Amino acid sequence: MAGHSKWSNIKHRKGAQDAKRAKVFTRLGKELTIAAKEAGGDPGFNPRLRLAVEKAKAANMPKDNLERAIKKGTGELEGVDYMEIRYEGYGPEGTAFIVEVVTDNKNRSASEVRAAFSKRGGNLGTDGAVAWMFQKKGEILVPSEGIDLDEFMMAALEAGADDVIEEAGEFTVYTEYTECNNVAEELKKAGYTVTEAEVAMIPDNKVVITDLEIAKKVMALYEALDDLDDVNDVYSNFDISDELLEQL
């Protein structure tokens, strides 16, 4: 989304507040296991696993944990049978939320997600309620300091990117979700520093929040959902200004 930097700041600030490394590793482990189960344990032939491994390494996940999670996915080690579920709903001010869950207990996850929405001014919707407002895309972040936008744009497009946006000291590169890892690798080969590469749900339009009290309510819902153990990712279409974020 345009304004990704703000969204990224929210996520990073949330992560700094949490400082729950064990929870981060648990989420990464689930993703590694599912990716390996889906298409095998060799990152060279499994793009989803390759992205998951990159994220795990970036988070300094211990090598033993990483390898164990992959082996659970391939069946070399006994593991939990995880399922992926997507929930959709609305938050304060008509904001849209997509909640991606990885769980071994569907009933527990549904109950927790529903409770988070209802307690914080939101409503859990049916499948497809808000997904039409988002597009599944690859999203790559590259620091922009000292780099010419036109030059980088050409390099990114040649690498297979669809679009590039510059904001707050970084380039956000958008790709087809299936090409995210390939484009990231090409940018690295071209000498650029890739700080993040992931597949995400990107909103077509944003709900701009200008009122502090509404911003508090929207962030309370976001954080409540993100704190749930079974939740892997939360996507929304809200846009809160830097000024309001500072007040929060």
Side-chain angles (χ1 to χ4, degrees), residues 1 4 6-38 48-49 51-52 55-56 58-59 61 65 69 72-73 79-92 95-131 133-137 139 177 196-203 207 216-238 240 248:
M1 73 170 83
H4 171 94
K6 296 174 187 175
W7 184 246
S8 184
N9 287 341
I10 290 170
K11 293 170 74 175
H12 292 161
R13 186 173 307 180
K14 179 66 172 61
Q17 289 170 350
D18 282 341
K20 297 176 182 175
R21 285 168 59 86
K23 183 175 181 180
V24 171
F25 293 160
T26 297
R27 289 185 176 185
L28 290 169
K30 288 180 180 180
E31 175 63 17
L32 289 163
T33 297
I34 287 179
K37 182 179 180 180
E38 185 180 83
R48 181 175 178 179
L49 180 59
L51 276 176
K55 289 178 72 173
M61 185 177 189
N65 295 31
K72 287 179 180 179
V80 178
D81 188 16
Y82 291 119
M83 64 187 86
E84 295 179 280
I85 307 169
R86 174 182 290 175
Y87 296 99
E88 303 176 34
Y90 287 95
T95 50
F97 283 78
I98 291 178
V99 185
E100 294 190 345
V101 164
V102 178
T103 183
D104 60 344
N105 188 322
K106 182 178 181 180
N107 292 334
R108 178 189 67 221
S109 299
S111 175
E112 291 178 346
V113 170
R114 185 178 293 108
F117 272 104
S118 63
K119 289 178 181 177
R120 291 165 181 83
N123 292 289
L124 183 63
T126 57
D127 288 347
V130 303
M133 303 181 191
F134 296 76
Q135 293 185 52
K136 187 176 183 180
K137 286 183 173 292
E139 191 175 53
Y177 74 91
E196 190 173 319
E198 64 180 0
V199 175
M201 298 299 293
I202 310 299
V207 176
K216 288 179 180 178
K217 292 177 181 178
V218 171
M219 284 303 301
L221 175 56
Y222 170 80
E223 292 185 355
L225 291 167
D226 192 59
D227 277 341
L228 297 177
D229 288 340
D230 291 339
V231 170
N232 203 47
D233 266 309
V234 181
Y235 303 106
S236 185
N237 63 348
F238 66 79
I240 299 176
L248 291 175

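Since the model is a prediction, treat every value here as computed from it, not as a measurement. Reckoned from all heavy atoms, side chains included, excluding hydrogens, waters and symmetry mates.
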Does a side-chain heavy-atom distance below 4.5 Å link [X] with [Y]?
| X | Y | answer |
| --- | --- | --- |
| Glu198 | Leu51 | no |
| Tyr87 | Phe97 | no |
| Asp229 | Thr26 | no |
| Asp104 | Asp81 | no |
| Val24 | Met61 | no |
| Tyr177 | Gln135 | no |
| Thr126 | Glu88 | no |

*Between Glu84 and Arg48, is the closest basic N to carboxylate O distance under 4.0 Å?*
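Yes, this pair counts.
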
*Is a salt bridge present between Lys55 and Glu31, judged by a nitrogen-to-oxygen distance below 4.0 Å?*
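A salt bridge is absent here (no side-chain N lies under 4.0 Å from a carboxylate O).
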
Taking distance alone, no hydrogens or angles, what donor-acceptor pairs closer than 3.5 Å link side-chain atoms of residues 110-123 to residues at least two apart or in another chain?
{"unit_1": "Ser118", "atom_1": "OG", "unit_2": "Arg114", "atom_2": "O", "d": "3.2"}
{"unit_1": "Ser118", "atom_1": "OG", "unit_2": "Ala115", "atom_2": "O", "d": "3.1"}

How far apart are the closest heavy atoms of [X] and [Y], and which atoms are they?
| X | Y | answer |
| --- | --- | --- |
| Asp230 | Ser109 | OD2-OG, 2.7 Å |
| Ala56 | Leu28 | CA-CD1, 3.8 Å |
| Asn237 | Ala96 | OD1-N, 2.8 Å |
| Gly91 | Leu221 | CA-CD2, 3.6 Å |
| Pro203 | Ser236 | CG-O, 3.9 Å |
| Met201 | Phe134 | O-CD2, 3.7 Å |

_Counting neighbours of NZ on Lys217 that are heavy atoms of other residues, nucleotides or ligands and sit closer than 6.0 Å, is the number greater than 12?_
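Atom NZ in Lys217 is not packed in, count stays at 12 or less.
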
*Give, for atom CG of Asp227 and atom OH of Tyr222, the distance between the pair rounded to the nearest 0.5 Å.*
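Result: 9.5 Å between the selected atoms.
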
*Distance, nearest 0.5 Å, that separates OG1 of Thr103 from NZ of Lys30*: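 Between Thr103 OG1 and Lys30 NZ, I get 6.0 Å after rounding to 0.5 Å.
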
*What residues, two or more places apart in sequence or in another chain, satisfy salt bridge (charged side-chain N to carboxylate O under 4.0 Å, His left out) together with Lys72?*
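Applying salt bridge (charged side-chain N to carboxylate O under 4.0 Å, His left out) to Lys72 gives none.
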
*After noting the C-alpha distance and the side-chain angles of Val234 and Ile98, does the key distance pass the side chain to side chain contact (heavy atoms under 4.5 Å, CB included) rule?*
CA-CA 6 Å; Val234 181; Ile98 291 178; over 6 Å; no

*Donor-acceptor pair, Thr33 side chain versus Ala69 backbone, under 3.5 Å?*
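Confirmed, Thr33 side chain pairs with Ala69 backbone.
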
*Arg27: which of Asn232, Asp233, Val102 passes side chain to side chain contact (heavy atoms under 4.5 Å, CB included)*: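 With Arg27 as partner, Asn232, Asp233, Val102 yield a single side chain to side chain contact (heavy atoms under 4.5 Å, CB included), made by Asn232.
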
